[in-house]
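Please read the structure below before turning to the comments.
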2 protein chains.
Amino acid sequence: MSRSNPRVLSTLERAGGFASAQEVYRLMQREGESIGLTTVYRSLQSLVNDKIVDVLRREDGEAIYRLCGEAHHHHLVCKGCGDTVEIEGGAIEKWAKAMAEEHGFRDVGHTAEIFGLCAKC
Amino acid sequence: MSRSNPRVLSTLERAGGFASAQEVYRLMQREGESIGLTTVYRSLQSLVNDKIVDVLRREDGEAIYRLCGEAHHHHLVCKGCGDTVEIEGGAIEKWAKAMAEEHGFRDVGHTAEIFGLCAKC
DNA sequence: TATGGAAATGAAAATCATTTTCATTTATGT
DNA sequence: ACATAAATGAAAATGATTTTCATTTCCATA
């Protein structure tokens with residue numbers, strides 16, 4: 001088992017607390033940090049295990065890592081132009097919590113994304 | 001541009017209206033149908049374009065295709081054992097619709113999944 | 001009924017994210 | 001200094017998906 005390379009976490013933070021493994025890697029390269037892609041993946045996974053970040057999926061299937069504790073929000077994504085609006089989801093939080101309780105689940109997280117065509121498209 | 005091979009749609013229906021491209025392919029093979037993986041992918045994409053099916057992502061990033069019009073439901077997934085409970089999400093439907101309207105989006109769909117540890121794990 | 005072009009097909013190669021392997025380097029305790 | 005464990009990263013393996021391209025099937029029309 002390996003522990004997370006601290007530079008990975010710091011880069012993820014600098015990236016706005018939201019990025020894919022490849023993006024973190026590219027970012028570190030651009031900034032002149034010497035690190036291997038493998039280490040980036042391993043560190044991110046380790047951060048996930050430690051519940052310091054969690055994982056979502058882009059529409060194209062790429063995994064994106066998000067700092068836990070970041071203001072939790074959801075996305076409204078345009079299928080046409082890809083524009084993304086951050087929206088707030090109090091209703092979802094309540095729903096998730098209620099459903100989890102009802103079925104005896106604990107330690108729950110959730111994802112919720114809305115997609116459609118924006119006004120311009 | 002290519003049109004959907006009707007056997008693909010019929011197989012997706014038979015699969016319970018919910019399967020990945022690879023699964024549809026394997027299923028057709030098992031049933032003795034002669035078809036190429038490429039055609040399965042193309043047909044599913046074409047069905048997506050025609051809004052006859054839509055796409056979600058498994059936790060591992062694999063795309064799964066769902067017949068539109070299937071009773072729309074959400075999932076509560078255990079991170080430990082993978083057990084999945086189908087749950088209903090009236091609250092989400094309303095939320096999605098409200099958010100879409102507020103931002104001028106039309107033709108919207110959504111995904112929402114809850115994940116945690118089930119009582120057994 | 002031929003026939004020419006468009007659409008459909010599928011095998012094989014290409015792509016891309018992610019994981020695994022494995023040899024090397026770095027840390028740490030004794 | 002030594003031994004052992006942990007961390008690292010290059011390269012290969014994996015697996016889903018897409019692209020390429022040559023071939024086959026359809027279909028409308030001469």
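Note on naming: letters A, B, ... go to the chains in the order of the sequence lines (proteins, then strands), and numbering restarts at 1 for each one. What's counted below: heavy atoms across the whole structure, side chains too, no hydrogens, waters or symmetry copies.
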Among residues 27-43 of chain A, which ones have heavy-atom contacts with DNA chain C below 4.0 Å? A:Leu37, A:Thr38, A:Tyr41

Round to a whole Å and report the spacing from [atom1] of [X] to [atom2] of [N].
{"X": "B:Leu44", "N": "D:dT18", "atom1": "CG", "atom2": "P", "result": "10 Å"}
{"X": "A:Leu47", "N": "D:dA7", "atom1": "CG", "atom2": "P", "result": "13 Å"}
{"X": "B:Asn49", "N": "D:dT18", "atom1": "CG", "atom2": "C1'", "result": "15 Å"}
{"X": "B:Arg26", "N": "D:dA16", "atom1": "CZ", "atom2": "C1'", "result": "10 Å"}
{"X": "A:Arg57", "N": "D:dT17", "atom1": "CZ", "atom2": "P", "result": "11 Å"}
{"X": "B:Glu62", "N": "C:dT18", "atom1": "CD", "atom2": "P", "result": "14 Å"}
{"X": "B:Arg3", "N": "D:dC26", "atom1": "CZ", "atom2": "C1'", "result": "11 Å"}
{"X": "A:Asp60", "N": "C:dA17", "atom1": "CG", "atom2": "P", "result": "8 Å"}

So does A:Gln45 get a side-chain nitrogen or oxygen closer than 4.0 Å to the phosphate oxygens (OP1/OP2) of C:dT18? no

Output yes when at least one side-chain N/O atom of B:Asn5 is less than 4.0 Å from OP1 or OP2 of C:dT9, else no. yes

Which atoms form the tightest heavy-atom contact between A:Tyr25 and A:Gly36, and what is the distance? CE1-C, 3.8 Å

Are B:Arg58 and B:Glu23 ion-paired here, with the side-chain N under 4.0 Å from a carboxylate O? yes

Should the pair B:Arg57-A:Asp60 be classified as a salt bridge under the 4.0 Å nitrogen-to-oxygen rule? no

After noting the C-alpha distance and the side-chain angles of B:Val48 and B:Tyr65, does the key distance pass the side chain to side chain contact (heavy atoms under 4.5 Å, CB included) rule? CA-CA 8 Å; B:Val48 170; B:Tyr65 300 85; 4.0 Å; yes

Give the C-alpha distance, both sets of side-chain angles, the deciding distance and a yes or no for side-chain hydrogen bond (donor to acceptor under 3.5 Å, both in side chains) between A:Thr38 and A:Arg42. CA-CA 6 Å; A:Thr38 314; A:Arg42 268 194 292 238; 5.1 Å; no

Report the C-alpha distance between A:His110 and A:His74 in whole Å, list the side-chain angles of each, state the deciding distance to 0.1 Å, and finish with yes or no for ring-ring contact (aromatic ring centres under 6.0 Å, His included). CA-CA 10 Å; A:His110 64 270; A:His74 298 274; 5.2 Å; yes

Under 4.0 angstrom, heavy atoms only, what part of the nucleic acid is A:Glu23 near: base, sugar-phosphate, or nothing? nothing

Categorize A:Gln22 for me: base, sugar-phosphate, or nothing, with a 4.0 angstrom heavy-atom threshold over every strand shown. base

Connected-component partners of A:Ile64 among ILVMFWY, side-chain separation under 4.5 Å: A:Phe18, A:Leu56

